[in-house]
Amino acid sequence: MVRLADEEGVEMPVYTAEEGLEQGKRYAFEGVLKRVEGKLSLVEARLTDRGEPVRKVKEQFDYDPQHRPVSLAGRLVSLRAMGKAAFGHLQDLTGKIQVYLKKDLIGEEQFQLFKELVDLGDFLGVRGKLFRTKTGELTVEVEEFQLLSKSLLPLPEKWHGLRDTELRYRQRYLDLIANPRARRNFALRAKLVSELRRFLESAGFIEAETPVLQPVASGANARPFKTYHNFLETELYLRIAPELYLKRLIVGGFPRVYELGKNFRNEGVDRSHNPEFTMVEFYAAYWDYHDLVRFTEELILHLAEKVLGTTRLKYGGRELDLSPPFRKVRYFELLEEKTGKGKEFFLHDLEGLRKLAHELGVKEADRLTHAKLLDKVFEKVAEPELFQPTFVLDFPKLLSPLAKTHREDEELVERFELYLAGYEVANAYTELNDPLEQKERFLQQLKERQAGDEEAMQMDEDFITALAYGMPPTAGEGIGVDRLAMIFAGEDSIREVILFPQLKPKK
RNA sequence: GAGCCGGUAGCUCAGCCGGUAGAGCAACGGCCUUUUAAGCCGUGGGUCGCGGGUUCGACUCCCGCCCGGCUCACCA
């Protein structure tokens with residue numbers, strides 16, 4: 001541990017962790033320390049003025065900067081020091097602005113202090129007047145500066161930023177400092193989540209928080225994480241979906257509820273999957289899935305306008321148009337369009353379906369259950385085509401254990417999925433509210449499980465009991481927030497919109 | 001889990017057909033009062049991801065492992 005100031009006590013304890021630092025890092029660390037040790041007190045460091053966001057200053061005064069007094073704070077991200085003057089850029093979340101110090105103005109002593117103690121990466125507060133340089137850049141002519149925090153470790157390279165994807169994920173703060181795109185993506189995501197809430201709240205939905213630790217992980221087809229509660233002496237699961245708890249709240253009399261939070265699925269990790277991911281689910285009593293189709297169109301439109309300011313965006317080199325109405329196509333129509341075979345074939349000719357799956361290259365087609373086969377075949381033939389916003393309506397019942405039977409067809413349910421840019425972004429249905437039928441559906445899932453489908457849904461007896469007290473007709477929907485953020489940000493990896501994506505621990 | 005690509009200074013990257021390690025930025029010492037990746041002179045910094053093998057000699061070739069990326073498989 002070192003002391004940065006001797007006279008006034010320990011101003012800034014720093015653990016040097018000698019063995020922990022690589023050679024080059026330690027060298028830079030010690031270099032800065034040598035210059036600063038004993039001379040610098042940061043214990044009183046704070047802004048004397050309220051600093052303003054960089055963007056606000058720029059928006060207000062860029063047109064006519066003439067000597068407006070401003071006060072700003074930020075991280076020093078570039079520095080060009082000359083003998084008797086220095087230029088640099090201060091960065092905050094909203095942008096960068098140039099600062100200019102000259103000896104004449106701030107005085108010999110302050111200028112000396114600046115040259116001696118201030119490094120790239122430090123947090124600085126400055127007060128001064130705006131002017132425009134020869135080259136036309138809006139700049140703060142600094143009359144007074146305050147060193148607010150010291151950077152002892154070297155920042156990523158200024159020109160290329162931080163490229164190493166592993167470092168960008170493991171040390172996201174460096175990514176955020178160095179790469180504008182990272183800052184933009186996470187600001188965009190925050191805005192997206194905020195607007196999502198605003199839209200739901202203004203439609204009368206209230207936010208609920210239901211258990212993450214659940215005795216039965218049900219409500220979706222996925223494998224859960226298992227954990228153990230010492231005091232209760234019981235195994236618990238991290239939720240794979242909040243669905244069954246939210247519907248209990250509908251039973252309890254909340255007419256419109258939503259939950260925005262993390263779900264956990266013990267599955268592979270790839271470009272579009274993180275083991276913990278954010279989903280919003282919302283449920284409205286007295287609605288059906290047709291109401292949700294309209295509501296979803298409005299929601300996406302609202303988000304696009306508020307977050308992006310446009311409904312047209314680029315994704316993967318193609319233009320995606322988010323203006324409603326979206327295309328609507330029925331599940332079996334889409335399949336028939338692609339394969340020439342109808343509902344009858346897919347639901348009642350298991351061997352034929354198996355053969356088709358095999359021809360399409362579905363792996364282990366011989367071992368899959370009917371439901372899985374159907375799902376796989378749909379993914380293979382239909383999903384790749386769903387780039388522009390598309391509602392796929394009226395799913396087969398055997399894929400949808402929680403959805404209400406279709407009013408016109410016993411073999412279907414009133415369900416849709418919304419696809420954007422080829423990703424399944426939303427899943428919604430008129431909720432099954434008949435406790436006896438729900439029980440039957442869970443039992444069917446148990447059979448699937450016994451037939452080898454590890455992701456078949458778990459029976460939740462308490463949920464059936466809740467339904468037995470009566471749940472009004474209800475429609476519910478889940479939207480994958482990370483995926484939506486990916487699409488809005490134009491990123492092809494979910495890790496670009498998750499601050500700290502799951503990685504293997506570095507040994 | 002399989003296939004392919006990658007890991008060299010704190011960061012971004014070179015490093016040939018095997019001969020013992022290089023640049024720019026950052027750091028350190030100087031010069032420099034409108035710079036824009038500022039410039040100029042000088043200095044220090046490397047377990048070449050880890051382990052083994054081949055060889056007189058390995059960053060380089062071979063094998064195994066670790067971490068990451070992409071493609072595929074599973075899921076949203």
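Within every chain, numbering begins at 1; the chains are lettered A, B, ... in the order of the sequence lines, protein sequences first and strands thereafter. We use all heavy atoms of the structure for the numbers below, so side chains are in, but hydrogens, waters and symmetry mates are not. Remember, it's a predicted structure, so these values are computed and weren't measured experimentally.
Scanning for side-chain hydrogen bond (donor to acceptor under 3.5 Å, both in side chains) contacts around A:Lys25 gives A:Glu22, with sequence neighbours left out. Every residue two or more places apart in sequence or in another chain was checked for a side-chain hydrogen bond (donor to acceptor under 3.5 Å, both in side chains) with A:Ser493, and none qualifies. A:Arg265 is linked by a side-chain hydrogen bond (donor to acceptor under 3.5 Å, both in side chains) to nothing, counting only residues two or more places apart in sequence or in another chain. Legend: residues meeting side-chain hydrogen bond (donor to acceptor under 3.5 Å, both in side chains) with A:Glu281, ordered by chain and number and at least two apart, are A:Tyr283. Residues satisfying the ring pair (Phe, Tyr, Trp, His ring centres under 6.0 Å) test with A:Phe488, not counting sequence neighbours, are none.
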Show me the donor-acceptor pairs, under 3.5 Å and distance only, between side chains in residues 95-108 of chain A and residues at least two apart or in other chains.
residue, atom, partner, partner atom, Å
A:Gln98, OE1, A:Arg80, NH2, 2.8
A:Gln98, NE2, A:Thr139, OG1, 3.0

Output side-chain donor-acceptor pairs under 3.5 Å for residues 159-172 of chain A, partner residues at least two apart or in another chain, one line each.
residue, atom, partner, partner atom, Å
A:His160, ND1, A:Glu157, OE1, 2.7
A:His160, ND1, A:Glu157, OE2, 3.4
A:Asp164, OD1, A:Glu166, N, 3.0
A:Asp164, OD1, A:Leu167, N, 3.2
A:Glu166, OE2, A:Arg170, NE, 3.0
A:Glu166, OE2, A:Arg170, NH2, 3.1
A:Glu166, OE2, A:Lys506, NZ, 3.2
A:Arg168, NH1, A:Asp175, OD1, 3.3
A:Arg168, NH1, A:Asp175, OD2, 3.2
A:Arg168, NH1, A:Glu496, OE1, 3.3
A:Arg168, NH2, A:Glu496, OE1, 3.3
A:Arg168, NH2, A:Glu496, OE2, 2.7
A:Tyr169, OH, A:Glu496, OE2, 2.9
A:Arg170, NH1, A:Lys504, O, 2.8
A:Arg170, NH2, A:Lys504, O, 3.0
A:Gln171, NE2, A:Tyr173, OH, 2.8
A:Arg172, NE, A:Leu499, O, 2.6
A:Arg172, NH1, A:Asp175, OD2, 2.7
A:Arg172, NH2, A:Arg495, O, 2.7
A:Arg172, NH2, A:Ile498, O, 2.8
A:Arg172, NH2, A:Leu499, O, 3.4

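Between A:Arg80 and B:rU34 there is no side-chain polar atom (N or O) within less than 4.0 angstrom of OP1 or OP2. Distances shown here put a side-chain N or O of A:Lys504 below 4.0 Å from the OP1 or OP2 atom of B:rC67. Phosphate proximity of B:rC74 to A:Lys376: present, with a side-chain N or O under 4.0 Å from OP1 or OP2. In this structure, A:Arg163 reaches the B:rC13 phosphate: one of its side-chain N or O atoms is under 4.0 Å from OP1 or OP2. Put simply, A:Gln23 has no side-chain N or O that comes within less than 4.0 Å of OP1 or OP2 on B:rG45.
Comparing B:rU33, B:rG45, B:rU34 against the side chain of A:Lys102 picks out B:rU33 as the nearest.
Across all strands shown, B:rU47 has no partner, as no Watson-Crick or G-U wobble contact with both distances under 3.5 Å is found. Base pairing annotation: B:rA2 forms a Watson-Crick or G-U wobble pair with B:rU71, both donor-acceptor distances under 3.5 Å. Here B:rC61 sits opposite B:rG53 as a Watson-Crick or G-U wobble pair (both hydrogen-bonding atom distances under 3.5 Å). Pair check for B:rC25 finds B:rG10; Watson-Crick or G-U wobble, both atom distances under 3.5 Å.
Taking the P atoms as reference points, B:rA23 lies 16 Å from B:rA14, given to the whole Å. Comparing the same atom, P, in B:rA2 and in B:rG64 gives a spacing of 12 Å after rounding to whole Å.
Looking at heavy-atom distances under 4.0 Å, A:Asn274 makes contact with a base.
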Set out, line by line, the N/O atom pairs under 3.5 Å between protein and nucleotides 69-72 of chain B.
residue, atom, partner, partner atom, Å
B:rG69, OP1, A:Arg495, NE, 3.4
B:rG69, OP1, A:Arg495, NH1, 3.3
B:rC70, OP2, A:Arg495, NH1, 3.4
B:rU71, OP1, A:Arg271, NH1, 3.3
B:rU71, OP2, A:Arg271, NH1, 3.0

Listing time: all N or O pairs from protein to nucleotides 22-26 of chain B that are below 3.5 Å?
residue, atom, partner, partner atom, Å
B:rG24, N2, A:Glu157, OE2, 3.4
B:rC25, O3', A:Lys158, NZ, 3.4
B:rA26, OP1, A:Lys158, NZ, 3.3

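Put simply, A:Tyr423 does not rest on the base of B:rA76: the two rings are not both less than 5.5 Å apart at their centres and under 30° in tilt.
Here the two rings, on A:Phe282 and A:Phe295, have centers that are under 6.0 Å apart.
Contact of A:Glu137 with B:rU35 (side chain to base): no donor-acceptor pair of N or O atoms is detected under 3.5 Å.
Classification of the A:Tyr331-A:Phe378 ring pair by plane angle, with boundaries at 30° and 60°, yields parallel.
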